[in-house]
Participant: 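Got a structure for you, questions after.
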Amino acid sequence: MTLVSLVDLIAGARSGLLVSFPTDTVPALAVLPEKAPLIFEAKHRSQDKPLILMGASAEDLWPYVQGSENELRIWQEVANQYWPGGLTLVLPASDQVSKQMNPHDPTTIGIRVPQSAIAQDILTQTGPLATTSANFSGQQPLETLAEIAEQFPQVLTLNETRFNNEILGIGVPSTVSKWTGTNWQILRQGIVQLNSEIDQAQHF
């Protein structure tokens, strides 16, 4: 088990190591975007299952997507309504996105701002990270940092006594919604129940 302090976890993440920390949904495995293959390897994850780019704020994430002025306005309106929170937006990727994030389709990127003070604190100091749930692919997300540290001994896991044996987050993954060019397509129904503003097609 590799349980570390918050300072050491942030330093490890910035140097390119795999880390794990709480979020508002399920605990995350996270790494610098260019080191994304480390997550696929650790989780035994298929290359056609993209990772989510998580940031401390929407402003940190907009450089990683590209669209028309109207599209950006629509995306920002949705982000203002649901972030921070459990909604992942899948949008056209800019050239700043590491292709390692989504090897199967590098033209899109999923982005999210978590409603978690500890996650935002970490992401503020590391910059946006490639993330996914902390579990082997196909298995249920692990719920405590102690479980994560045991299953992923190579991962730097946050050693905070107030977290170690507590269930972290609500245990339900984020809702994933993809922009199709004219409207939104729900790829995964998670914690956020989307209202008609995003459910319905939004035309230019």
Side-chain angles (χ1 to χ4, degrees), residues 2-43 45 47 49-65 79 82-91 93-106 108-137 141-142 145 148-149 151-152 154-160 163 168-169 173-176 188 190-191:
T2 310
L3 293 167
V4 299
S5 69
L6 181 61
V7 170
D8 287 343
L9 183 140
I10 290 168
R14 293 173 69 171
S15 70
L17 300 178
L18 265 178
V19 301
S20 183
F21 53 81
T23 78
D24 50 341
T25 54
V26 296
L29 283 182
V31 76
L32 293 175
E34 61 269 24
K35 297 286 188 177
L38 292 175
I39 289 184
F40 287 100
E41 181 181 353
K43 287 190 57 156
R45 185 178 178 90
Q47 294 279 307
K49 294 181 178 179
L51 305 178
I52 292 171
L53 188 67
M54 195 176 285
S57 69
E59 289 70 31
D60 290 342
L61 295 173
W62 295 131
Y64 296 91
V65 302
Y82 291 101
W83 286 354
L87 177 64
T88 296
L89 299 178
V90 179
L91 304 173
S94 75
D95 57 10
Q96 291 197 42
V97 176
S98 168
K99 291 179 170 52
Q100 310 282 1
M101 291 281 299
N102 188 358
H104 187 68
D105 180 15
T108 63
I109 183 67
I111 58 175
R112 184 167 92 85
V113 177
Q115 190 174 22
S116 163
I118 190 71
Q120 288 189 18
D121 187 20
I122 292 167
L123 292 163
T124 296
Q125 298 181 68
T126 62
L129 295 177
T131 66
T132 183
S133 58
N135 56 280
F136 288 135
S137 191
L142 301 175
L145 293 173
I148 295 165
Q151 188 165 112
F152 295 98
Q154 77 278 31
V155 173
L156 300 182
T157 302
L158 187 61
N159 182 23
E160 293 283 341
F163 293 132
L168 307 171
S174 65
T175 296
V176 179
R188 178 178 73 193
I191 183 57

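The figures that follow rest on heavy atoms only: side chains count, while hydrogens, waters and symmetry mates do not.
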Participant: Could you give me the CA-CA distance, side-chain angles and deciding distance for D121 and F21, then say whether side-chain contact (heavy atoms from CB on, under 4.5 Å) is met?
Facilitator: CA-CA 11 Å; D121 187 20; F21 53 81; over 6 Å; no
Participant: I'd like to know if the side chain of S94 reaches the main chain of P63, judged simply by a donor and an acceptor atom lying under 3.5 Å from each other, with no hydrogens or angles considered.
Facilitator: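 Confirmed, S94 side chain pairs with P63 backbone.
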Participant: Do Y82 and L89 pass the side-chain contact (heavy atoms from CB on, under 4.5 Å) test, and can you show the C-alpha distance, the side-chain angles, and the key distance before you say yes or no?
Facilitator: CA-CA 10 Å; Y82 291 101; L89 299 178; over 6 Å; no
Participant: Determine yes or no for a side-chain-to-main-chain donor-acceptor pair under 3.5 angstrom, with T88 supplying the side chain and R112 the backbone.
Facilitator: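 Not a single qualifying donor-acceptor pair exists.
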Participant: Under the side-chain contact (heavy atoms from CB on, under 4.5 Å) criterion, do E59 and L61 qualify, and how do the steps go?
Facilitator: CA-CA 5 Å; E59 289 70 31; L61 295 173; over 6 Å; no
Participant: Just verifying a value: how many Å separate Q125 CD and L9 CG, rounded to the nearest 0.5 Å?
Facilitator: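 Interatomic distance, Q125 CD to L9 CG, rounded to 0.5 Å: 10.0 Å.
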Participant: Rounded to the nearest 0.5 Å, what separates atom OG1 in T175 from atom CD1 in I191?
Facilitator: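 It comes to 7.5 Å.
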Participant: Would you say E34 has more than 12 foreign heavy atoms packed within less than 6.0 Å of its CD?
Facilitator: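 Yes.
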Participant: Would you say K43 and N135 make side-chain contact, with heavy atoms under 4.5 Å?
Facilitator: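 The answer is yes; the side chains approach within 4.5 Å.
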Participant: Would you check if I122 and L6 make a side-chain contact, meaning some heavy-atom pair closer than 4.5 Å?
Facilitator: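 Touching, per the 4.5 Å side-chain cut-off.
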Participant: Has Q120 got a side-chain atom pairing as donor or acceptor with Q115's backbone, closer than 3.5 angstrom?
Facilitator: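 Here the side-chain-to-backbone pair does not exist.
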Participant: Rounded to the nearest 0.5 Å, what separation is found between the CD1 atom of I118 and the CG atom of L123?
Facilitator: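 Between atom CD1 of I118 and atom CG of L123 there are 10.0 Å.
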Participant: How long is the straight-line distance from CG of L129 back to CG of L18, given to the nearest 0.5 Å?
Facilitator: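 So the CG of L18 and the CG of L129 are separated by 10.5 Å.
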Participant: Within a strict 4.5 Å, meaning less than it, do heavy atoms of the L51 and R45 side chains meet?
Facilitator: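 Of all side-chain heavy-atom pairs linking R45 with L51, at least one is under 4.5 Å.
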Participant: Between I111 and V65, is any pair of side-chain heavy atoms under 4.5 Å apart?
Facilitator: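 Sidechains of V65 and I111: in contact.
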Participant: How far apart are the closest heavy atoms of T23 and A28, and which atoms are they?
Facilitator: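 Heavy atoms only, the tightest pair is CG2-CB, 3.8 Å.
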Participant: Any side-chain heavy-atom pair from F152 and L142 closer than 4.5 angstrom?
Facilitator: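 In short, these two side chains touch, coming nearer than 4.5 Å.
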Participant: If you define the side chain from C-beta out and look only at heavy atoms, does anything of V97 sit under 4.5 Å from K99?
Facilitator: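 The answer is no, as the side chains (C-beta and beyond) never meet within the 4.5 Å cut-off.
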Participant: To the nearest 0.5 Å, what is the distance between CG (L156) and CD1 (I148)?
Facilitator: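 Output value for this atom pair is 12.5 Å.
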Participant: Once you round to the nearest 0.5 Å, how far does CG of L158 lie from CG of D8?
Facilitator: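 Going from CG on L158 over to CG on D8, the span is 10.5 Å.
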Participant: Of all heavy-atom pairs between Q47 and P103, which one has the smallest distance, and what is that distance?
Facilitator: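 Of all heavy-atom pairs spanning Q47 and P103, the closest is OE1-CG, 3.1 Å.
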Participant: Heavy atoms, side chains only, cut-off 4.5 Å: are V90 and P50 in contact?
Facilitator: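 No, their side chains stay 4.5 Å or more apart.
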Participant: Looking only at heavy atoms, what is the nearest atom pair of A42 and F136, with distance?
Facilitator: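 Looking at all heavy atoms of both residues, the closest pair is O-CE2, 3.4 Å.
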Participant: Taking only residues two or more places apart in sequence or in another chain, which ones pass ring-ring contact (aromatic ring centres under 6.0 Å, His included) with F40?
Facilitator: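 F40 satisfies ring-ring contact (aromatic ring centres under 6.0 Å, His included) with no other residue.
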Participant: Could you check whether any side-chain heavy atom of L53 comes within less than 4.5 Å of a side-chain heavy atom of P33, counting everything from C-beta outward?
Facilitator: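 Heavy-atom side-chain distance check passes, below 4.5 Å.
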Participant: What are the two closest non-hydrogen atoms of S116 and P22, and how far apart are they?
Facilitator: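 Looking at all heavy atoms of both residues, the closest pair is OG-O, 3.7 Å.
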Participant: Looking at V155, L38, T157, V19, which hits side chain to side chain contact (heavy atoms under 4.5 Å, CB included) with L29?
Facilitator: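 The option that passes is V155.
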Participant: Tell me whether R14 contacts the main-chain N or O of L32 through its side chain, where contact means a donor paired with an acceptor under 3.5 Å.
Facilitator: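 Not confirmed, R14 side chain does not pair with L32 backbone.
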Participant: Closest heavy-atom contact between S133 and V26?
Facilitator: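 For S133 and V26, the tightest heavy-atom pair comes out as CB-CG2, 3.7 Å.
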Participant: Side chains of S174 and T25: is there a donor and an acceptor less than 3.5 Å apart?
Facilitator: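 Side chains of S174 and T25: no pair found under 3.5 Å.
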